[in-house]
Amino acid sequence: MHTYESLAAPILAAFPELTAADLVFAPAPKVEIADVALRTFEPAKKLGMAPPQLATKIRDGVTFGPDVTAVSLAGPYVNFKLDRGAFGRGIVARILSEHKQYGSNRSGAGKRALVEHTSINPNASPHVGRARNAMIGDSLVRLLRFEGYDVETHYYVNDIGRQIALLVLACDDPATLTFDEMLDLYASANARAEQDAAFAEAGFELLAKIEQGDAEVKKKFFAVTELCLQGQLAVLGRLGIRYDRFDRESDFVKDPRLDKILDALREKGALFTDEEQRLSVDMCQIGHPQYPANEGRYVALLRSNGSSMYVYRDVAYTIEKMSKGADLNLIVLGEDHLMYMQQIALILAAAGMGAPEPIYYSYILLKEGKMSTRQGKVVLLSDFLDEATARAAERVEEQCQELPEVERKAIAEHVAVAAIRFAILRVGANKNVIFDWDASLSFTGDTGPYVQYSCARISSILRKLNAPLPESPRADFPVESNAEWALLSKLAAFPDTIANAAAAHSVAPVAQFVLETARLFTTFYHECPVRDAPSEAQRIARGHICLATRITLENALGLLGITALERM
RNA sequence: GCGCCCGUAGCUCAGGUGGAUAGAGCAACGGCCUUCUAAGCCGUAGGCCACUGGUUCGAGUCCAGUCGGGCGCGCCA
């Protein structure tokens, strides 16, 4: 049952052409103007009349129930004054009963989704730039699961490139190394390959061997990449990020399903052998726009010695993912992969196959400019988390002295995670983010820790209530201040926010919602005492508002991968 | 050179498929803790929404161009 059902029903009865989806109820720009407002742009368009005309007809021609106390117009908007107690009670009742499900529209019920994200090269420790992929992907997975999708998360392990071959050459026994030592080893091996042609050539020989199925070599590659992978997962795990499947690139060097692709390309005259005897695709034969500079026109699939190029393996892997038949197939990619993914999609389309829907994100920049591993200008995720946890721990030491040490440590870590996840996720994916270390560590203002702080305050209030709250709101539910109503109507808008986020495949609106809700709660907190409310009915109603806010924030933060703390 | 993305307060960002007086935070200035956690709240100040032209009753939002930033453009993955 929709929150504003009793407003929508009489309108729908008067205009049978409309459906509930056409009617968008939202808070007015200021609470003083109206308790809730209806936009008439969408329904007016459907009815073929001017928005203000429809608004007038709704005001004059529709009879509303007793819980609507006034209907007025502001051009294309219909403004309603409501019996706030009745609506507030309905909002709270719904939140308490739906609880962990509140906000979900179940748009994915009965559907399966496959999401690939992160998939970073093994020879690097995750920095905040790469982690943007992981955070966006992980939050998307959480959002889809919340909407009812059965989601499988995949991580593509790049275990067969030239860089891995060099690492294998340089590393005698991976079992004796840590992840960090392995990274140092990679740096030196890479440098050597640039000077030492024989060393580089040995790397390619190793690659050829693993493609021929040399068991011994494959074992070595596996050992090296597995150690790296575990090192990466340890860091990502601190952010609460997990995966269901790890798909290894080396399993896709020879895939019989690719024959069908090659046949289709050949048939379209797109396949040719280039001047260096590589099997290549002329993308312009299969729908790639012909740019003046032949941009991205030619793609090599196989080297002259028959060994596979990355495109070849990626096409095979994509076929594998698509063959799982998920209703929704997503891949999170940096903007640098845009054209590459288009090429993969075109190659597959030539054989009548589909490709995943890409979610692109832009790079994170530093104030000093781009991140650069070579110049050491990177912010490693582990370094940030260590520093942020230490900062947070100082505050927790002061404010939670009654808690045991382990618990305080856990709180500090949760705060650190909230800081970085919120800072990244609240920005639209297609915008460059300027990472500012100081701002990210400040924990004040529009931050994850601020929202967590609101949650801790709510929990504190609920702990200190003299008597337990009834399971559902009482009939007598006074809502006397604008602060209370503004908060309630925000809570009521949560399912719409989730619907928008799910449709847009972006969790950024959820981050925005969480901030606005926390701010409205804080205003309420300062203006409306709960424990010492003027009346028993108000004490209970406000207690229920707190509880409903807590549930909503907890659900929303959960989608961002942030823990709603009890204390901090 | 060509393609994609971005340009909103000094700084970092919000601004449903065009619509109510463009909103937050940080930094600055002035207030508020014997009162449910001051990681907070209230107030002041700060905007030719990059620029130019167009479409529209109406443009931060759509179109074209200019300028500025990011990314990409066959033997790395």
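Just the heavy atoms: all of them, side chains too, but no hydrogens, waters or symmetry mates, feed the values below. Order of the sequence lines fixes the chain letters, A, B, ..., with proteins taken first and strands second; residue numbering starts at 1 for each chain.
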| request: Report yes or no: is the ring centroid of A:Y77 under 5.5 Å from the six-membered base ring centroid of B:A20, with the two planes under 30 degrees? | output: yes

| query | A:I434 side chain: which of B:C13, B:G74, B:A14 is closest? | reply | B:C13

| message | I'd like to know if A:K46 pairs up with A:E42 as an ion pair, taking the criterion as any Lys NZ or Arg NE/NH1/NH2 lying under 4.0 Å from an Asp or Glu carboxylate oxygen. | response | no

| request: Take atom NE2 of A:H526 and atom C1' of B:G40, then tell me their distance rounded to the nearest Å. | output: 5 Å

| query | Dot-bracket for RNA chain B, 5' to 3', with Watson-Crick and G-U pairs under 3.5 Å, [ ] for crossing pairs and | for other-strand pairs: what is it? | reply | (((((((..((((.....[...)))).(((((.......))))).....(((((..]....))))))))))))....

| task | Determine the Euclidean distance between corresponding C1' atoms of B:C13 and B:G60; express it in Å to zero decimal places. | result | 15 Å

| query | Taking for each residue the nucleotide of RNA chain B with the nearest heavy atom, is it A:P509 or A:A300 whose nucleotide lies nearer the 5' end? | reply | A:P509

| task | Would you please determine if the base of B:G19 is stacked by A:F41, with stacking meaning a centroid separation under 5.5 angstrom and planes under 30 degrees? | result | yes

| note | note: A:L515, atom CG; B:G25, atom C1'; distance rounded to Å ~ 8 Å

| field | Integer angstrom distance from the P of B:C26 to that of B:G40 | value | 7 Å

| request: Please state the P separation for the pair B:C6 and B:G47 - nearest whole angstrom. | output: 27 Å

| field | Distance between C1' atoms of B:U8 and B:C48 (Å, rounded) | value | 12 Å

| query | Run the side chain to side chain contact (heavy atoms under 4.5 Å, CB included) check on A:Y155 and A:L229 step by step: do they pass? | reply | CA-CA 10 Å; A:Y155 187 123; A:L229 180 62; 3.9 Å; yes

| field | Short side-chain N/O contact from A:K431 to OP1 or OP2 of B:G7, under 4.0 Å | value | yes

| task | In sequence, state the C-alpha distance, the side-chain angles, and the governing distance for A:L557 and A:T563, and then conclude on side chain to side chain contact (heavy atoms under 4.5 Å, CB included). | result | CA-CA 7 Å; A:L557 286 175; A:T563 305; over 6 Å; no

| request: Among B:C36, B:A24, B:C76, find the nucleotide with the atom closest to the side chain of A:Y310. | output: B:C76

| task | Would you state whether a donor and an acceptor, one from the side chain of A:D314 and one from the base of B:A77, lie under 3.5 Å apart? | result | no

| said: At 4.0 Å (heavy atoms only), tell me whether A:Y525 reaches a base, stays on the sugar-phosphate, or touches nothing. | reply: base

| query | What interatomic distance, in whole Å, is found between P of B:G74 and the corresponding atom of B:G23? | reply | 47 Å

| query | When we call it a touch if two heavy atoms are under 4.0 Å apart, what does A:R519 touch: a base, just sugar-phosphate, or nothing? | reply | sugar-phosphate

| query | How far, in whole Å, is B:G19 from B:A77 if one measures between their C1' atoms? | reply | 47 Å

| task | Write down the distance separating the C1' atoms in B:G15 and B:U52, rounded off to the nearest Å. | result | 24 Å

| message | So, OP1 or OP2 of B:C6: does either fall under 4.0 Å of a side-chain N or O from A:N430? | response | yes

| task | For A:D274 and for A:E527, locate the closest nucleotide of RNA chain B by heavy-atom distance; then report the residue assigned to the nucleotide nearer the 5' terminus. | result | A:E527

| said: A side-chain contact here means heavy atoms from C-beta on lying under 4.5 Å apart; do A:T225 and A:R248 qualify? | reply: yes

| said: When the P atoms of B:G3 and B:A64 are compared, how many Å lie between them, rounded to an integer? | reply: 12 Å

